[in-house]
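Input: a single structure, listed below in structure tokens.
Sequence positions, counted from 1, serve as the residue numbers for this chain. Keep in mind the model is a prediction, meaning the values are calculated, not measured.
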Amino acid sequence: MEFNSALPIYLQVMASIKKDIVTGRLIPGDKLPSVRDLAIQYTINPNTVSRVYRELELEGVCFTKRGMGTFVTEDEGKVQQMRDEMAEELVNRFLEGMHQLGISSAEALRLLQEHKTKTQQSNDT
């Protein structure tokens, strides 16, 4: 993973884990890598991984079983909530970018619909 220097690493790793959960790469109840293994995977300090897991646990994204490890939440509602929040964030960034170009929300929606139509037509051929 390539890190953005403008954002703390622990937040970027948290976002990556959340994305893996929302996209189904990690499913509810899955065991997350050990602190050491995740530190190696991301080439980061184990203390940073500990912070990631602590913050994710505070958000209800994962839970720890003493002596067994850290696991993805089994709360499907939490997973759906994360998905909704991530989708809303993407929509907000998209609309903000469109507004910076002087494009209204209505026109942005029209552009999306045109793009969808073009994509479907190219997939059909």
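- Atoms NZ and OG1, on K65 and T70 in that order, are 11.0 Å from each other to the nearest 0.5 Å.
- Heavy-atom contacts from other residues, nucleotides or ligands closer than 6.0 Å to NZ of K19 number 12 or fewer.
- Atom CD in Q81 sits 12.5 Å away from atom CE in M86 (nearest 0.5 Å).
- Tracing side-chain contacts under 4.5 Å through hydrophobic residues (I, L, V, M, F, W, Y), one never reaches V22 starting from I27; they form parts of separate clusters.
- The two residues P28 and E74 come nearest to each other via the heavy atoms CB-CA, 3.8 Å.
- Using a 4.5 Å cut-off on side-chain heavy atoms (C-beta onward), V13 and V49 make no contact.
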Worksheet entry | Candidate pair R83 and T23, rule side chain to side chain contact (heavy atoms under 4.5 Å, CB included), full reasoning | CA-CA 8 Å; R83 183 176 187 266; T23 59; over 6 Å; no

Worksheet item: Which is it for S16 and Y42 under the side-chain hydrogen bond (donor to acceptor under 3.5 Å, both in side chains) test, yes or no, and what are the steps along the way?
Response: CA-CA 10 Å; S16 177; Y42 284 100; 2.8 Å; yes

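- Through side-chain heavy atoms spaced under 4.5 Å, either directly or across other Ile, Leu, Val, Met, Phe, Trp or Tyr residues, F63 is tied to M68, F71.
- Rounding to the nearest 0.5 Å places CZ of R51 at 7.0 Å from CG of L11.
- Note that the CD atom of E55 and the CG atom of L58 stand 5.5 Å from one another [nearest 0.5 Å].
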Worksheet item: So N47 and S50, side-chain hydrogen bond (donor to acceptor under 3.5 Å, both in side chains) or not? Walk me through it.
Response: CA-CA 5 Å; N47 291 332; S50 293; 5.1 Å; no

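- We find that K78 and E59 are not joined by a salt bridge, their nearest charged nitrogen and carboxylate oxygen being 4.0 Å or further apart.
- Of the possible polar contacts, none joining the T64 side chain to the R66 backbone as a donor-acceptor pair under 3.5 Å is found.
- When the options L7, I17, I44, V52 are evaluated for a side-chain contact (heavy atoms from CB on, under 4.5 Å) with Q12, the one that passes is L7.
- Chaining together hydrophobic side chains whose heavy atoms lie under 4.5 Å apart leaves L109 on its own.
- Contact between T73 and G60 at its shortest, heavy atoms only, is CB-O, 3.4 Å.
- Checked by atom type, the side-chain pair D37/S34 shows a donor-acceptor distance below 3.5 Å.
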Practice prompt. Output, in order, the C-alpha distance, side-chain angles, deciding distance and verdict of side-chain hydrogen bond (donor to acceptor under 3.5 Å, both in side chains) for S105 and H99.
Written response: CA-CA 7 Å; S105 295; H99 289 162; 3.1 Å; yes

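- Cluster annotation: L95 is not connected to L90 through the hydrophobic network of ILVMFWY side chains, with a link wherever side-chain heavy atoms come within less than 4.5 Å.
- Distance alone, capped at 3.5 Å, places no donor-acceptor pair between the T43 side chain and the A39 backbone.
- The CZ atom of R93 sits 12.0 Å away from atom CD of E88, with the distance rounded to the nearest 0.5 Å.
- Distance CG/D30 to CZ/R25: 10.5 Å, rounded to 0.5 Å.
- No continuous path of hydrophobic side-chain contacts links I40 to Y10 [ILVMFWY only; heavy atoms under 4.5 Å].
- For the pair T119 and K116, the minimum side-chain heavy-atom distance is 4.5 Å or more.
- Taking all atoms of both residues into account, the shortest heavy-atom contact from C62 to L32 is CB-CD1, 4.0 Å.
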Discussion item. Please determine whether side-chain hydrogen bond (donor to acceptor under 3.5 Å, both in side chains) holds for the pair Q80 and E76, giving the CA-CA distance in whole Å, both sets of side-chain angles, and the decisive distance to 0.1 Å.
Written reply: CA-CA 6 Å; Q80 184 61 47; E76 293 286 347; over 6 Å; no

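- For T117, the side chain to side chain contact (heavy atoms under 4.5 Å, CB included) partners two or more places apart in sequence, or in a different chain, are Q121.
- Listed here is the closest heavy atom pair of Q41 and P33: OE1-CG, 4.1 Å.
- Ion pair E107/R110 flagged as a salt bridge, since at least one NZ, NE, NH1 or NH2 atom sits closer than 4.0 Å to an Asp/Glu carboxylate oxygen.
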